[in-house]
Number of protein chains: 2
Amino acid sequence: MGVMASPPRSSAAPPTRPPTARDRARAEITAEIMTAAREQLAEVGPGSLSLRAIAREVGMVSSAIYRYVPSRDALLTRLIIEAYDAIGAAAEDAQASVAAASAPEQFRAVWRAIRAWALTNPHQYALIYGSPVPGYRAPVDTVAPATRLPQVLLNILAAAGADGTIAAPPVVSEAAQRTLDPMVESVPDLDADRSALVAAITTWAALFGAISFELFGHIHNVVASEPESRAAFFDAQIDLVARLVGL
Amino acid sequence: MGVMASPPRSSAAPPTRPPTARDRARAEITAEIMTAAREQLAEVGPGSLSLRAIAREVGMVSSAIYRYVPSRDALLTRLIIEAYDAIGAAAEDAQASVAAASAPEQFRAVWRAIRAWALTNPHQYALIYGSPVPGYRAPVDTVAPATRLPQVLLNILAAAGADGTIAAPPVVSEAAQRTLDPMVESVPDLDADRSALVAAITTWAALFGAISFELFGHIHNVVASEPESRAAFFDAQIDLVARLVGL
DNA sequence: CACAAAAGTGAGCACCGCTCTTGCTTCCTC
DNA sequence: GAGGAAGCAAGAGCGGTGCTCACTTTTGTG
């Protein structure tokens, strides 16, 4: 506890110490817990996720789970990070698979992939884009994974802006442009003009609104419920919203 | 239990029987319960809403609450209906207060009012536009109140379409237009063309996406967090999205 | 006034998150 | 290699939840 009491090697930096058998067991059990947690999340949703049920599933007594997970909220945080990473990866993959296509086509492909991911992982989607769980406050660890998806969209728009694909860049008020100060400061190489950024964020929120409406039942009895209808409707929404950024 | 066993007056239809003292007491206590529920919802959010806590607040033993509310889910349904009505009324009031203004100005006023309501009632907002609560399925009673808000928007757009205010009506694919069959059938006097309807629904989802993003923290560190900045940013989003419907 | 319906009570069930004590095993360090 | 520290599993337990049930009390009415 005293100042300079601890030798350097015992401090926070782990000098590639070989993993012991216990370490491997711990990693394995932790993975088992996370798998069970993912399964339960997929079945019952975030609100009903139960540490006790997870413990039962991995054959543990309920209190033992706390050796691996500090709390239910911490588990949820892990799942949130996983979900952000998964949806971000889905967007990145979609973009990579059409990297040669035009910007509007990339935009469409990426948003279709995002919607597809949301439809196949509704509870994970709700976890990150639904209402925050009761007393939950997003820790810092989630911001980096949460950035992956919007980054893909920004990349597409930036490329389109650079090669002149964007026809009519939108115009927004000076006041609205100034509101992006925190973003422009935190993202180093952000040379897009701010009107385009406001429009980009608007499309981002708009299409997540569309996905949320579909997933949360707000277009029930409004849009035909067959999968093809829903897909066609979302395609139309993509095209409409794409105009906001001039695509 | 036998067929024709019960005399007509005892059947389901209440023939304007004057309310007894007990009826009034029941209505009063029910109102007390709903008030306590609203307060608790505003404080802790839908997920943590507790019947026992509500019972404590109104000075009841926990089991007595079930004489007035059949279950927690039923209470939530009531609160959902109230929330739909409240946000719908906010939209209607805003529209009524600017009924003489132009369609774009009405559009702005209504959406500003919706956002304002959401900011002052975040938990009620999350209740209806966030992720649905765990095992919850929206009963039929909620659809009518849920219609009030979109109806306001449709009215504005229909009026703008009728008097020629809408400059460039958007075009969407035939396939997307056909997806609106259920809506056109269920809403009797809906003479808007379907492209405009698709665009209208898109703006609807888009701006709720914007509000949800703000409320659920997705533009944290992106848009400056001062209330005036957020308002200016939302105004810009309104204007951008309004173009989708040609306003 | 008597009686039935409604309202209120308290115990109890099964579940939850989480804590703490108690043994046991594994690992690290002399 | 021995000893001690650290990690791990187990079980009991606390206070909370939704909800049910048998029971008593209140209350309106024929």
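Chain letters run A, B, ... following the sequence lines, proteins first and then strands; every chain starts at 1. Values below: every heavy atom of this structure, side chains too, minus hydrogens, waters and symmetry copies.
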**Donor-acceptor under 3.5 Å (B/Thr147 side chain, B/Val143 main chain)** =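 Side chain of B/Thr147 to backbone of B/Val143: a pair is present.
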Practice prompt. Determine whether more than 12 heavy atoms belonging to other residues, nucleotides or ligands lie under 6.0 Å from atom CD of A/Glu226.
Written response: yes
Could you state the atom-to-atom distance from [atom1] of [X] to [atom2] of [N] in whole Å?
X	N	atom1	atom2	result
A/Asp23	C/dT25	CG	C1'	15 Å
B/Asp73	D/dT17	CG	P	17 Å
A/Tyr66	C/dC16	OH	P	10 Å
B/Arg56	C/dT9	CZ	P	15 Å
A/Leu51	C/dT19	CG	P	11 Å
A/Arg72	C/dC18	CZ	P	8 Å
B/Ile65	C/dG8	CD1	P	10 Å
B/Arg24	C/dA7	CZ	P	14 Å

Kindly give the atom pairs (protein nitrogen or oxygen, nucleotide nitrogen or oxygen) under 3.5 Å for nucleotides 12-14 of chain C.
none

Show each protein N/O and nucleotides 7-10 of chain D N/O combination with a separation under 3.5 Å, one pair to a line.
residue, atom, partner, partner atom, Å
D/dG7, O4', A/Arg22, NH1, 3.1
D/dC8, OP1, A/Arg26, NH1, 3.0
D/dC8, OP2, A/Arg26, NH1, 2.7
D/dA9, OP1, A/Tyr68, OH, 3.2
D/dA9, OP2, A/Tyr68, OH, 2.8
D/dA9, N6, A/Arg67, NH2, 3.0
D/dA10, N7, A/Ser63, OG, 3.3

Test ring-ring contact (aromatic ring centres under 6.0 Å, His included), reference B/Phe208, set B/Phe213, B/Tyr129, B/Phe234, output is B/Tyr129
Going by distance alone, is a donor N or O of one side chain under 3.5 Å from an acceptor N or O of the other, for B/Tyr125 and A/Ser131?
no
Q) Does a side-chain N or O from A/Ser71 land closer than 4.0 Å to OP1 or OP2 of C/dG17, or not? A)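 Answer is no, no contact under 4.0 Å.
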message: Does A/Leu49 reach a base, just sugar-phosphate, or nothing at all? Heavy atoms under 4.0 Å.
response: sugar-phosphate
Item to check | Close side-chain approach of B/Asp141 to B/Ile80, heavy-atom, < 4.5 Å | outcome: no
Does A/Ile238 reach the side chain of A/Phe107, with side-chain heavy atoms less than 4.5 Å apart?
yes
Q.
Salt bridge or not between B/Asp235 and B/Arg112? Use side-chain N to carboxylate O under 4.0 Å.
A. yes
Open item on the list: With rounding to the nearest 0.5 angstrom, report the OG1 to CD1 distance, B/Thr142 to B/Ile81.
Closed with: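 The CD1 atom of B/Ile81 is 6.5 Å from OG1 of B/Thr142, to the nearest 0.5 Å.
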With B/Arg115 as partner, the option from B/Leu215, B/Ile211, B/Thr120 fulfilling side-chain contact (heavy atoms from CB on, under 4.5 Å) is B/Ile211
